[in-house]
K.L.:
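First, the structure itself, so that you have it in front of you.
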Amino acid sequence: MHALLEELGSAASAALVKAFGAEGVPPSLVFEPSPRADVQCTAAMQLAKALRKPPRDLAAAILPSVLAHPAVEKAEMAGAGFINVTLRDAWIAEHLDDALTHRPVGAGQTVVLDYSSPNVAKPMHIGHIRSTILGEAMKRVLRAVGYTVVADNHLGDWGTQFGKLIVGWRRYLDRAAYERDPVGELLRIYVKYSEEEKAQKLALGAPVKEGDDDDAPLPAQAPALLLEARAELVKLQAGDPENVALWKQFVDVSMAEFDRTYKRLGVSFDEVLGESFYNDMLAATVDELLEKGIAEHSQGAVIVTFTKERDGEAMPPMLVRKADGGFLYGTSDIAAMRYRMGRWSPSRILIVTDERQQLHFRQLFAVARRLGVPARLEHVWFGLMRLPEGTFSTRDGNVISLESLLDEAEKRAADVARSLNADLAEAELAEVARVVGLGSVKYNDLSKDRQTLITFTWDKALSLQGNTAPYVQYAYARIRSIQRKVAELGAVPGPLVALEPTERALVMTLLRYPLAVEEVAMSSRPHALCDYLFELAGAFSSFFNDCPVKDAEPAVRAARLTLCDRVATVLRRGLDLLGIEVVERM
RNA sequence: GCGCCCGUAGCUCAAUGGAUAGAGCAUCGGACUUCGGAUCCGAGGGUUAGAGGUUCGACCCCUCUCGGGCGCGCCA
């Protein structure tokens, strides 16, 4: 399909050049699939002004070059200058396998993909799932189109929370609870610490603001607990053996739990380079920024300022070194960028985080431009997930754990599967529940534009009807069922023959698969692939309704078997790119 | 106060400069003595928050207003 679109585009361009001269004519005009026609071109209207010709005259000049293409059955002008192209059935049939081939648009290029990035000592909750699921889908899609992808889990394994955690550990630890559920106990002592600190603040008469802001400038009367936490943090940063050992333990038990979750989700990374990995590069990073005149001293700290003239937009300053000499996450992000450029020379760096960090990354990327970083830098941000009653707060403990979400999803999928298919044995039913439940949770996140703000409700997150993973998985299972039945008759796939309307529509939908994948790779919007797969599954369901396979005459049956095979392959591969599995029966 | 993002059918969402704004859910009505009904076909439902502007053409780009979310130097 790509090749055809390009051939039509350059032929059309040549025709315009021949008729009206080369001035203002791009080397290839855009042809694309359209609901109105197999392929449509709107270039005549776009070029009318530049060529100072009526758009319909341009379209008329283009038409013969389109008609001359052997794939084209019919091409006609419509409306203001649209060109609608109908393709020959024979061409469509011959190019069926194009649906299975991606253009290697990323070949020879590397992408660093930073996603998931949970914070150590906190369990993953449903707010973490989007970064993880989106990132994993992007990894798979980028690889499918030829990129070398470095999947990097930029773990939140450093920062002021460790001072608090160490204080909490010393004061509140329940050793037995820790043995049973290390991360759960770490969360408990962190919450406990926060409550105590808050109580002390109130006792001092200090205002207590909402949110994670208690590292703001110390009030004159700081809570004793906070002073203690800061002291522990300083010791940790100075390499105090005891605190370092504790910190390392926190990281290890957290990572063990993250790994269990990742395994369950089918997510994997090439690197786990947390913030702490960059610690010993921070001083040099700031020095370099100062030397190059990018950063400057201000009120004892080191900051980078941004102006509209130099950076394209005015932004608040970015702090890279505190007055006390400490560094911030922005510093380590700059260091991480330098490290990634040096180690992998990527052409793109994608960072998947929630929307709250937009300003931070615009600042970071502005710094990168001043440093001369040549890669395309993309903040792949997504809308915050929230509960109907408001945002999550780990500290307040009003979270729904990722594990409980997945458990509930499997349970609901099992209930449905049991009621609809009594033939499934317990073991197979459990597998169906796992695949369908997990798929529905992932698809729920992936199928919406990532910038959409999601208000979590169980029924929405775990819906099994409509535009959901099970709908697509069900289409796949039905094809497999047909294939099993027809195989018993000894029938084998054969060449496509005359196409019924729903068959033709199905093939045309199949041919768009590589375009959909490429779009996701370039725009970092996986929901486009969900939309495509939903459409393909729908096109198959219509075909299934209209066109019998098993009872068709042999040549037709063979052709339809081929169609079934290609649809099953695309559904399975497409879902796999989203990190979603299929089952043979459900 | 300044900035970013969002606002599309009753609800959840598509459409990222192309024609008459599309799906799912819900509602109503059909299909099939089922190659798997987790299906298919159809109907109703829209001033794309509002007002201006740019364009041959605007949900999409620009300006303003309203509403919601988020952020804004010593947390991450």
K.L.:
Which whole-number value in Å describes the distance from A:Leu165 CG to B:rA76 P?
P.N.:
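About 15 Å, once rounded to whole Å.
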K.L.:
Give none if B:rU54 has no partner; otherwise give the nucleotide forming a Watson-Crick or G-U wobble pair with it, both distances under 3.5 Å.
P.N.:
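The base-pairing partner of B:rU54, which may sit in any strand shown, does not exist here.
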K.L.:
Just how far, in rounded Å, is C1' of B:rC75 from NZ of A:Lys122?
P.N.:
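Going from A:Lys122 (NZ) to B:rC75 (C1'), I get 10 Å.
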K.L.:
From B:rA19, B:rA76, B:rA38, pick the nucleotide closest to the side chain of A:Val416?
P.N.:
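Nearest to the side-chain atoms of A:Val416, counting from C-beta on, is B:rA38.
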K.L.:
For A:Asp423, answer base if it contacts any base atom (sugar-phosphate contacts may also be present), sugar-phosphate if it contacts only those atoms, and nothing otherwise; contact means non-hydrogen atoms under 4.0 Å.
P.N.:
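It contacts nothing in the nucleic acid.
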K.L.:
Please evaluate the base of B:rG18 for a donor-acceptor partner in the side chain of A:Gln46 within a cut-off of under 3.5 Å?
P.N.:
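Yes.
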K.L.:
Measure the distance from OH on A:Tyr471 to P on B:rG36 and round it to the nearest whole Å.
P.N.:
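Going from OH in A:Tyr471 over to P in B:rG36 covers 16 Å.
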K.L.:
With heavy atoms under 4.0 Å as the rule, sort A:Pro316 into base, sugar-phosphate or nothing.
P.N.:
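Sugar-phosphate only.
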K.L.:
With the six-membered base ring of B:rC35 as reference, does the ring of A:Phe544 sit under 5.5 Å away with planes under 30° apart?
P.N.:
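A:Phe544 vs B:rC35: stacking yes.
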K.L.:
For A:Arg450 and B:rU16, what is the distance between atoms CZ and C1' respectively, to the nearest whole Å?
P.N.:
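Atom-to-atom, A:Arg450 to B:rU16, this comes out as 12 Å.
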K.L.:
Identify, between A:Asn467 and A:Ala78, the residue whose nearest nucleotide on RNA chain B lies closer to the 5' end.
P.N.:
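Of the two residues, A:Ala78 wins.
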K.L.:
According to the interplanar angle, ranging from 0 to 90°, do the rings of A:Tyr278 and A:His154 count as parallel (below 30°), tilted (30 to 60°) or perpendicular (above 60°)?
P.N.:
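If you compare the ring of A:Tyr278 with that of A:His154, the planes turn out tilted.
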K.L.:
Indicate whether OP1 or OP2 belonging to B:rC75 is found under 4.0 Å from a side-chain N or O atom of A:Lys164.
P.N.:
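Answer no for this pair, as no side-chain N or O of A:Lys164 is under 4.0 Å from OP1 or OP2.
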K.L.:
Under 4.0 Å between any heavy atoms, over every strand shown, what does A:Asp546 touch: base, sugar-phosphate, or nothing? Just pick one.
P.N.:
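Nothing: the residue A:Asp546, judged by heavy atoms under 4.0 Å, touches no strand.
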K.L.:
Determine the contact category for A:Met586: base if any of its heavy atoms lies under 4.0 Å from a base atom, sugar-phosphate if only primed atoms, P, OP1 or OP2 are that close, otherwise nothing.
P.N.:
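A:Met586: base contact, heavy atoms under 4.0 Å.
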K.L.:
Would you say A:Ser542 places a side-chain N or O within less than 4.0 Å of OP1 or OP2 belonging to B:rC41?
P.N.:
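The answer is yes; a side-chain N or O of A:Ser542 sits under 4.0 Å from OP1 or OP2.
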K.L.:
Whole Å only: how far is the CD atom of A:Glu519 from the C1' atom of B:rA14?
P.N.:
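Those two atoms, CD and C1', are 12 Å apart.
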K.L.:
Ignoring the backbone of A:Ser298, work out which of B:rC72, B:rG73, B:rA76 is nearest its side chain.
P.N.:
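Nearest to the side-chain atoms of A:Ser298, counting from C-beta on, is B:rG73.
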K.L.:
Roughly how many Å is it from CG in A:Asn545 to P in B:rG30, rounded to a whole number?
P.N.:
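Whole-Å distance recorded here is 17 Å.
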K.L.:
Return the nucleotide paired to B:rU16: Watson-Crick means purine N1 to pyrimidine N3 with N6-O4 or O6-N4, wobble means G-U with N1-O2 and O6-N3, both under 3.5 Å.
P.N.:
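Here B:rU16 is not engaged in any pair, so there is no nucleotide opposite it.
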K.L.:
Name the nucleic acid region contacted by A:Glu275, choosing base, sugar-phosphate or nothing; use a 4.0 angstrom heavy-atom cut-off, strictly under.
P.N.:
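Contact class for A:Glu275: sugar-phosphate only.
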K.L.:
B:rA76, OP1 or OP2 - any side-chain N/O from A:Tyr329 closer than 4.0 Å?
P.N.:
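No, A:Tyr329 has no side-chain N/O under 4.0 Å of OP1/OP2 on B:rA76.
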K.L.:
What is the nucleic acid contact for A:Glu535, judged by heavy atoms within less than 4.0 Å: base, sugar-phosphate only, or nothing?
P.N.:
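Nothing, no nucleic acid heavy atom in range.
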K.L.:
Students often get this wrong, so: under 4.0 angstrom with heavy atoms, is A:Ala417 touching a base, only sugar-phosphate, or nothing?
P.N.:
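The answer is base, as A:Ala417 lies within the cut-off (heavy atoms under 4.0 Å) of a base atom.
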K.L.:
Say we look at B:rC74 and B:rC62: how far apart would their P atoms be, to the nearest angstrom?
P.N.:
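Going atom to atom, P in each nucleotide, I get 32 Å.
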K.L.:
Does the aromatic ring of A:Phe82 sit over the six-membered base ring of B:rA19, closer than 5.5 Å centre to centre and tilted less than 30°?
P.N.:
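A stacking contact exists, since A:Phe82 sits close and nearly parallel to the base ring of B:rA19.
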K.L.:
Using the C1' atom in both, what is the distance from B:rU16 to B:rC60, to the nearest Å?
P.N.:
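The answer is 6 Å between these two C1' atoms.
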K.L.:
A:Arg356 has a side chain; which of B:rG24, B:rC70, B:rG18 sits nearest to it?
P.N.:
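Closest of the options to the side chain of A:Arg356: B:rC70.
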K.L.:
Got A:Leu377 and A:Met337 here, is their nearest side-chain heavy-atom distance under 4.5 Å?
P.N.:
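Sidechains of A:Met337 and A:Leu377: in contact.
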K.L.:
Looking only at side-chain N and O atoms, does A:Arg478 come under 4.0 Å of OP1 or OP2 in B:rG37?
P.N.:
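Result: yes.
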K.L.:
In Å, rounded to the nearest 0.5 Å, how long is the span from OG of A:Ser463 to OH of A:Tyr443?
P.N.:
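Going from the OG atom of A:Ser463 to the OH atom of A:Tyr443 covers 11.0 Å.
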K.L.:
Would you mind classifying the nucleic acid contact of A:Cys547 as base, sugar-phosphate or nothing, using non-hydrogen atoms under 4.0 angstrom?
P.N.:
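Counting heavy atoms under 4.0 Å across all strands, the contact made by A:Cys547 includes a base.
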K.L.:
Looking at the side chain of A:Met45, which of B:rA14, B:rC35, B:rC56 is the nearest nucleotide?
P.N.:
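Within the option list, the nearest is B:rC56.
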K.L.:
So, is B:rG73 syn or anti if syn means the angle is within 90° of 0?
P.N.:
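Syn for B:rG73; the angle stays within 90° of 0.
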K.L.:
Expressed in whole Å, how much space separates the C1' atoms belonging to B:rC59 and B:rC6?
P.N.:
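To the nearest whole Å, 13 Å.
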K.L.:
What distance, rounded to whole Å, do you find between the two C1' atoms, one in B:rG37 and one in B:rC56?
P.N.:
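Straight-line distance between the two C1' atoms is 49 Å.
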K.L.:
Taking donor-acceptor contacts at under 3.5 Å, does the side chain of A:Gln40 reach the base of B:rA19?
P.N.:
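Checked by distance alone, the answer is yes.
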K.L.:
Looking at the base of B:rA76, is there any donor atom on it, or on the side chain of A:Asp157, that sits under 3.5 Å from an acceptor on the other one?
P.N.:
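Side chain to base: no pair present.
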K.L.:
Counting the atoms with a prime plus P, OP1 and OP2 as sugar-phosphate, which does A:Ile482 contact under 4.0 Å by heavy atoms, base, sugar-phosphate, or nothing?
P.N.:
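Base, at least one base atom sits under 4.0 Å.
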K.L.:
Can you tell me if A:Asp311 uses its side chain to pair, donor with acceptor, with the backbone of A:Glu313 under 3.5 Å?
P.N.:
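Not a single qualifying donor-acceptor pair exists.
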K.L.:
Check whether any side-chain heavy atom of A:Pro118 lies under 4.5 Å from a side-chain heavy atom of A:Phe258, and answer yes or no.
P.N.:
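The answer is yes; the side chains approach within 4.5 Å.
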K.L.:
Over 60° means perpendicular and under 30° means parallel, so classify the ring planes of A:Trp458 and A:Phe456, tilted if in between.
P.N.:
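A:Phe456 and A:Trp458: perpendicular rings.
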K.L.:
Taking side chain as C-beta onward, heavy atoms only, is A:Arg230 less than 4.5 Å from A:Asp324?
P.N.:
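No - every pair of side-chain heavy atoms lies 4.5 Å or more apart.
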K.L.:
Is A:Ser481 near enough to B:rG36 that one of its side-chain N or O atoms lies under 4.0 angstrom from OP1 or OP2?
P.N.:
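For A:Ser481, the contact criterion (side-chain N or O under 4.0 Å from OP1 or OP2 of B:rG36) is met.
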K.L.:
Taking only side-chain nitrogens and oxygens of A:His360, does any of them come within less than 4.0 Å of OP1 or OP2 of B:rC72?
P.N.:
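Checking B:rC72 against A:His360, no side-chain N or O comes under 4.0 Å of OP1 or OP2.
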K.L.:
Quick check on B:rC13: is either OP1 or OP2 less than 4.0 Å from any side-chain nitrogen or oxygen of A:Tyr443?
P.N.:
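No, because none of the side-chain N or O atoms of A:Tyr443 sits under 4.0 Å from OP1 or OP2 of B:rC13.
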K.L.:
Taking side chain as C-beta onward, heavy atoms only, is A:Gln483 less than 4.5 Å from A:Asp565?
P.N.:
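Yes - at least one pair of side-chain heavy atoms lies under 4.5 Å apart.
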K.L.:
From B:rG69, B:rG71, B:rC35, pick the nucleotide closest to the side chain of A:Val549?
P.N.:
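Closest of the options to the side chain of A:Val549: B:rC35.
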K.L.:
Classify the nucleic acid contact of A:Ala475 as base, sugar-phosphate or nothing, counting any heavy atom under 4.0 Å across all strands shown.
P.N.:
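No contact.
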K.L.:
Less than 3.5 Å between a donor and an acceptor, one on the side chain of A:Arg525 and one on the base of B:rU16, is that the case here?
P.N.:
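Under the 3.5 Å cut-off, the side chain and the base do form a donor-acceptor pair.
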K.L.:
Roughly how many Å is it from NZ in A:Lys485 to C1' in B:rU34, rounded to a whole number?
P.N.:
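Computing the A:Lys485:NZ to B:rU34:C1' distance gives 10 Å.
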K.L.:
Respond yes when some side-chain nitrogen or oxygen of A:Lys460 is under 4.0 Å from OP1 or OP2 of B:rC11, and no when none is.
P.N.:
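It does not, given that no N or O in the side chain of A:Lys460 lies less than 4.0 Å from OP1 or OP2 of B:rC11.
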K.L.:
Identify whether any heavy atom of A:Ala80 sits under 4.0 Å from a base atom; if not, whether one sits that close to sugar-phosphate; answer base, sugar-phosphate or nothing.
P.N.:
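Touches nothing.
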K.L.:
Can you tell me how the ring of A:Tyr471 sits relative to the ring of A:Phe534, calling it parallel under 30°, perpendicular over 60° and tilted otherwise?
P.N.:
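Answer is tilted, since the angle falls between 30° and 60°.
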K.L.:
Would you indicate which nucleotide in B:rC70, B:rA26, B:rA38 comes nearest to any side-chain atom of A:Leu384?
P.N.:
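So the side chain of A:Leu384 is nearest to B:rC70.
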K.L.:
Roughly, in whole Å, what's the span from CG in A:Asp449 to C1' in B:rC5?
P.N.:
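Distance check: A:Asp449 CG to B:rC5 C1' gives 11 Å.
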K.L.:
Check every strand shown and say whether A:Arg321 touches a base, only sugar-phosphate, or nothing at a heavy-atom separation below 4.0 Å.
P.N.:
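Counting heavy atoms under 4.0 Å across all strands, no contact is made by A:Arg321.
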K.L.:
Please say whether the positively charged group of A:Arg512, taken as NZ for Lys or CZ for Arg, lies over the ring of A:Tyr532, i.e. under 6.0 angstrom from the six-membered ring centre and within 45 degrees of the axis.
P.N.:
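Judged by the rule, A:Arg512 and A:Tyr532 form no cation-pi pair.
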K.L.:
Is there a side-chain contact between A:Thr452 and the phosphate of B:rA14, meaning an N or O under 4.0 Å from OP1 or OP2?
P.N.:
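A:Thr452 to B:rA14 OP1/OP2: side-chain N or O found under 4.0 Å.
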K.L.:
For B:rG36, does OP1 or OP2 lie under 4.0 Å from any side-chain N or O of A:Arg480?
P.N.:
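For B:rG36, neither OP1 nor OP2 has a side-chain N or O of A:Arg480 closer than 4.0 Å.
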K.L.:
Just to be sure I understand the rule, does A:Thr42 reach a base, reach only the sugar-phosphate, or reach nothing, if contact means heavy atoms closer than 4.0 Å?
P.N.:
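Base contact.
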K.L.:
So, is A:Lys49 close to the B:rC56 phosphate, meaning a side-chain N or O under 4.0 Å from OP1 or OP2?
P.N.:
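Yes, A:Lys49 has a side-chain N/O under 4.0 Å of OP1/OP2 on B:rC56.
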K.L.:
Any base atoms under 4.0 Å from A:Asp531, or only sugar-phosphate, or nothing? Heavy atoms, all strands.
P.N.:
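Sugar-phosphate contact only.
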